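What you are looking at is a predicted structure, and each value in this text was computed from that prediction instead of being measured. Just so it is clear: chains get the letters A, B, ... in the order the sequence lines come, proteins before strands, and each one is counted from 1.
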Amino acid sequence: MALRGGSFFADKQPSFSCDGRFLLVCTGCTVSVLSVATGLRVAELQGHTDRVTSIVVVKGLEEAKSVLTHAWTSSWDKTIRLWNFTTATQITVIDVGYKVVSMVREQHETLSSLYTTVIRKTEFRGYTGRVLLLHIASQKTVEGHLAKVCFLRSLFCFAKFSTFQTSLPRVLVASRKGSFVGMADSAKVWVWKVPAPSVGYCSEVQATVLHPWQPLTVMAFDPTETLVAAADRRGLITVWKNVGERTFYSSDYRRGKSDSGRADANDDAESRTTYHWHHKEVACLSFTADGSYLLSGGREAVFVMWHLETGNQRFLPRLGTPFRYITSAPDPSVFVLSMADNSLRFLNIGSMRMDRVIFGIKPYVTCPDTLEWLNVTKVALHHVHGTVAVPTANLIVQFYDVLLDKHANQVCQILKYNTVVTHVAFSVDASVMVTVDLRVAEAGVGGGSFLKFWTKSSEHIPYTLHTSVDSPHGGEVLALAYHPSKNIAVTCSRANDFKLWVQTKNESKDTHNWRCSATGSYKQKRMHAAAFSHDGTLLAVAAEELITLWNPLSNTLVCVLSIPGAFHEVVGMLSFVPKCPYLISASFGKQPQLTVWNLSTLSVWWSYQVEVEGITVDPNGGHFAVLASSHTKRYHKGGAEVKRNGTAQVCLFKPESPLPTSVWNFKDGIGGALLFLPPTEEVNKAINASSSESKLLILNKHREYVIFDPYSESNPKPASKIAANAAIEDGKLISFSIYLSLTLEPSFTALDTFNAMYLTTNTSKPIAQHDQLSKITSTQPWGDLLNAPSHVLPSLTDIGQQILESFLQKKAQ
Amino acid sequence: MEAASSYVPVGKKQLPKSRNPLTADSKFWRRFKRRIVDEQKFAVTCVDFCPVFPHDFVVTASTRVVVYDGASCQVKKTISRFTDLAYSGSFRPDGQLIMAGGETGLIQIFDANSRITLRQLKGHSRAVRWVRYSESDKLHVLSGSDDNSVRWWDVASEEAVVKFQEHTDYVRCGSYNPASPGIWVTGSYDHTVRMWDTRTAKSVSLLQHDKPLEDVLFFPSGSLLATAGGNMVKIWDVVAGKVLTVLGNHQKTVKKLKLTTPSESESRLLTASLDGLLKVFDIEDFKVVHAAKYPGPILAMDVSPSCTSLAVGTASGLLSVRQRKSVISEERATQALEVSGQEQKEVLRPSNFRYFLRGATEKASDDDYVLGSTKRALRQEHDWLLLKFRYKDALLAALNTKDPTVVVAVIEELVARKGLVQAFSNLEVGELEILLAFLTKHVASPKYSRLLVPAAHSVFDTCATSFAASQSLKQQVTKLKYAVEEEVRLQESLQSFQGMLQTLVQAAVH
């Protein structure tokens, strides 16, 4: 049995139930019903086979009480479904035949028709959409279409920006009374009047079009249905007054009047007013229930409340993350803000205070473009609480309870923008937390890493800041590790050195201080990774293509390991396997390698040519797991290009043997992370296991995760689902979960591949170094001959011959 | 829970504490705060504290001997009955009399209160540079003169009882042995220190210092002797007649020695030299524990017996008196006490406005329930401006505080908001000058250079066009250039110095 969690709440607009007690949220392929009072998940609507795109709660009359718990959902699986969300049962399925992007239902009529935006057909690098009218009673679409929409996919938005920064899809908006349905297209605002149920053709539906100045992002109707507001990418909000008077009501009333005062003579609106405060894209707009205020929120993370008559603004600043949606609750004073950091915030606009905040797991930090090569800590295990520490933007470290799929608490020093936490490490008893945060420079000023030591002072406050070191190295900190038994931390930096930080006791004041006790470097090589052995007597620091072993207590260099044949690769990950003398290293470059070293013989035990995304070691010893992608990642020194969407393999190895014990395919695993959880009672209970072996936690790049027992025999045929992701046409990433029983099965094909690789890779065999090197020297130009530490070089006679031969070749040419 | 968090004021940038915090000695001597700095017209040749509380002190300069009040450091009396330069004005151990030698060879003894000349000791043919009262009785005086003789005077009869004539050059200093009465040492320009017993006319022993002696001083035990001559101070074991240690810490002639006891357990040796330095030695290991620099060659120095005041006189005529802070505050407290004692406690009546304000300063007793008051966050001017997104004004407000820690914190905040370049580019010419002046002052400071050097680059990138507009801006830029060049020179010389040291260390190791 596997446990799944980590859904993204703020992906689609949520919807309140009629009584306001529940909030329906799209979470991938399912719809989660959250209790407003507690913030916990009450039910989950499972049935869609692709991601859910919109939710419409049925707002019936008082007498039709049974209907009050019904909701329509639309999905990418080309169906529209009706649910009873209190019992989590499915009532109706309507097959539309097209992927549904957005759906609204006119509210005040009897159950008759639904407007949907659907994707009609796909074209090269783009999709054409249609706005259709669906007749529910007959379950058929009305002939024709209301509008054509073009979804352009911007290919290059994926890797560089996180999900919320890309363009928003065109969504349909219904007015509150239900007379109008609108849509903000990129260049125009469509407004349709809801037709009589008997309409036969879409062309009979009355429509009007407004033309804004700029491509729009979002629109909203006011409750009196006289105003239409729309906002654009520049942050300008335009409000049209008396929209559609000419078209919909009195066809000849206005015709005789002059069009003076109109912004655009072609638009059917009396006047146009603009409001400008946002300097970045506006993501959401909403009117209050009385129609006198307009609410807006955008990328600059400030909530603005406009008084429409005077243009006065009220602000709610310092929210920390961009907005996604504003949803009105049945209570007119409450609005739900869906924020990009995966939180739902219940805002009372009377007091301008947050009533409640529901946090999901926070998304990964996005490093600035110039620092993409930075190997950040993705997750770290808090050994005492069993929670997972998630470093995020704005100087926040979130502690997430993966078993309950619940936000536990967070550590935040000061909300600071343009600062991301890149590394987190804990002492074994979790009394000390060490973080590294990275401040992004502006025009080269003020950037750099900050090392912080936190201590646990009481049960209720997670951690308090103890020591802060500004710019501990000359360059950015690349790696952080904590000693398994002593209070020693090590940081590696871009400035070609590493530093040991120790806690010293000040006898006179009975306080503890953190001081840098030692600094080391090796041949002016950049140090990318560091790891302590589990008994704490050895420190491994990666110095570009070499691995240096140090004694952390005496600060002396013990030994240098070099990967045979790898001169241009960079070792980026290091890990010791407890209870056995093995060290695992993963290098990146033209020929990425996973290497297992036997430290008793100081030789390569076996290796693979694979790109490794993450390594985790079973704390019980004996096994380690690797998140590997068989495709090579394009790599430049200074910047790695991450593949957008790829399946990775999770391989479980015994260090003695190069044959993986198990292999699983993991969709969208590239950019993910994995972690062994100790087999505590809670973990076993959560996944219905009883074994005393460690459990594996895998996160994909959107921080959806799955926990399972990698050693379990029953695992090959799990009845579970696995979190997975896909990208979608309109240029943004959307998380969703699907049932893929196959993905957790051992990938026999992949296992075969590994077997084949094992047989074909020369370096995989534990062979004598001498042979290995003589093979290399014969293939490499002579310049690389001596590019290895002296203790692994072959004998002088061998080298001498090689060098002379290479000279002879030169002459011969 | 994190919701809309409130604005966090931009405080001062916290810098790591120094790794070498002040030693107890440095802290002690730094507590001496400047009390008076008096510009005399002529060199101050001698300063002497009265052993009796309140430790008045007498300053000899030119033809005058001035008595200062020990507590307030105000001039108490001036004795100017000298026909030529006066030397070595000092108190009798009970503080009742003051005596002074002079250029004429005459030694005069005055009443400390009435300034009447009580006795005149005549006999020296040349200038008397050093005179001291006997500490065991109040009846005798020892004097050293430029006529190479040392005389032991009976004050009452104005006669020289014993005449020591073994020195062959000027006698400029001497010291009384506190352990055995009647034993004195004198130091002379003939490079020797001679020990005298006042009962015989011959010297008891002789120590060869090898430099003209400027000061000699017995330690309280009476067995150790410090002698100052040239730039050396030698510590002698008098009984064995051997040098224990030589202190060569001064660059120029050491003029004055003084032993003092800052605390019960430890005593310190103070040396003052013509190189303008006052150094404090621990007498256990004779290591320098503190040093202070004065603006001129020090000729005279003395510390009050309670170690609360330190008086220094220089060749340029500067008299500097420093007092420990606690002494000053105590004095103020006593003054305040006196004042308040005189005042009657006023009874408040409703006719008085303060009647309606009474109780505002009342402290809550233990069983009172205290209602918490909402504390308003303390916001500086730059905080208010940052709240309004007025980045340039916030930067200027920070610059106006003249506190580099504040400026650095505001610059960091602007970087976090991505508003620094904007702030720089909006600066007017006059404002740019303030910024450049700040950069000139602090760009080389290692605490801030990591941030300020790139910031200076950024200023040059964004504002280079406006430099040409103003002459004063050009000057500022030139100043900044000089500051940077100076720092580069310093770093280069430090590096070459380091290189030299490394070779030396390497040579020493092998």
[X], [atom1]: over 12 other non-hydrogen atoms inside 6.0 angstrom:
| X | atom1 | answer |
| --- | --- | --- |
| B:K392 | NZ | yes |
| B:E381 | CD | no |
| B:E485 | CD | yes |
| B:E487 | CD | yes |
| B:Y482 | OH | no |

Most heavy-atom pairs under 4.5 angstrom with chain B, which of A:S471, A:A443, A:G446, A:G444?
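Heavy-atom pair counts peak at A:S471.
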
Neighbourhood of chain A inside residues 436-460 of chain B, taking heavy atoms under 4.5 Å as contact:
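Within residues 436-460 of chain B, the residues that come under 4.5 Å of chain A (heavy atoms only) are B:R450, B:L451, B:P454, B:A455, B:S458.
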
Determine the minimum heavy-atom distance between A:V445 and B:V415, stating which atoms define it.
O-CG1, 3.4 Å

Got a second to check how far A:D470's CG is from B:K13's NZ, nearest 0.5 Å?
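One gets 3.5 Å once the value is rounded to the nearest 0.5 Å.
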
Spacing of CD1 belonging to B:I411 relative to CD belonging to A:E442, to within rounding of 0.5 Å:
11.0 Å

Heavy-atom cut-off 4.5 Å, strictly under: side chain, backbone, both or neither for A:A441 against chain B?
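A:A441 touches chain B through backbone heavy atoms alone.
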
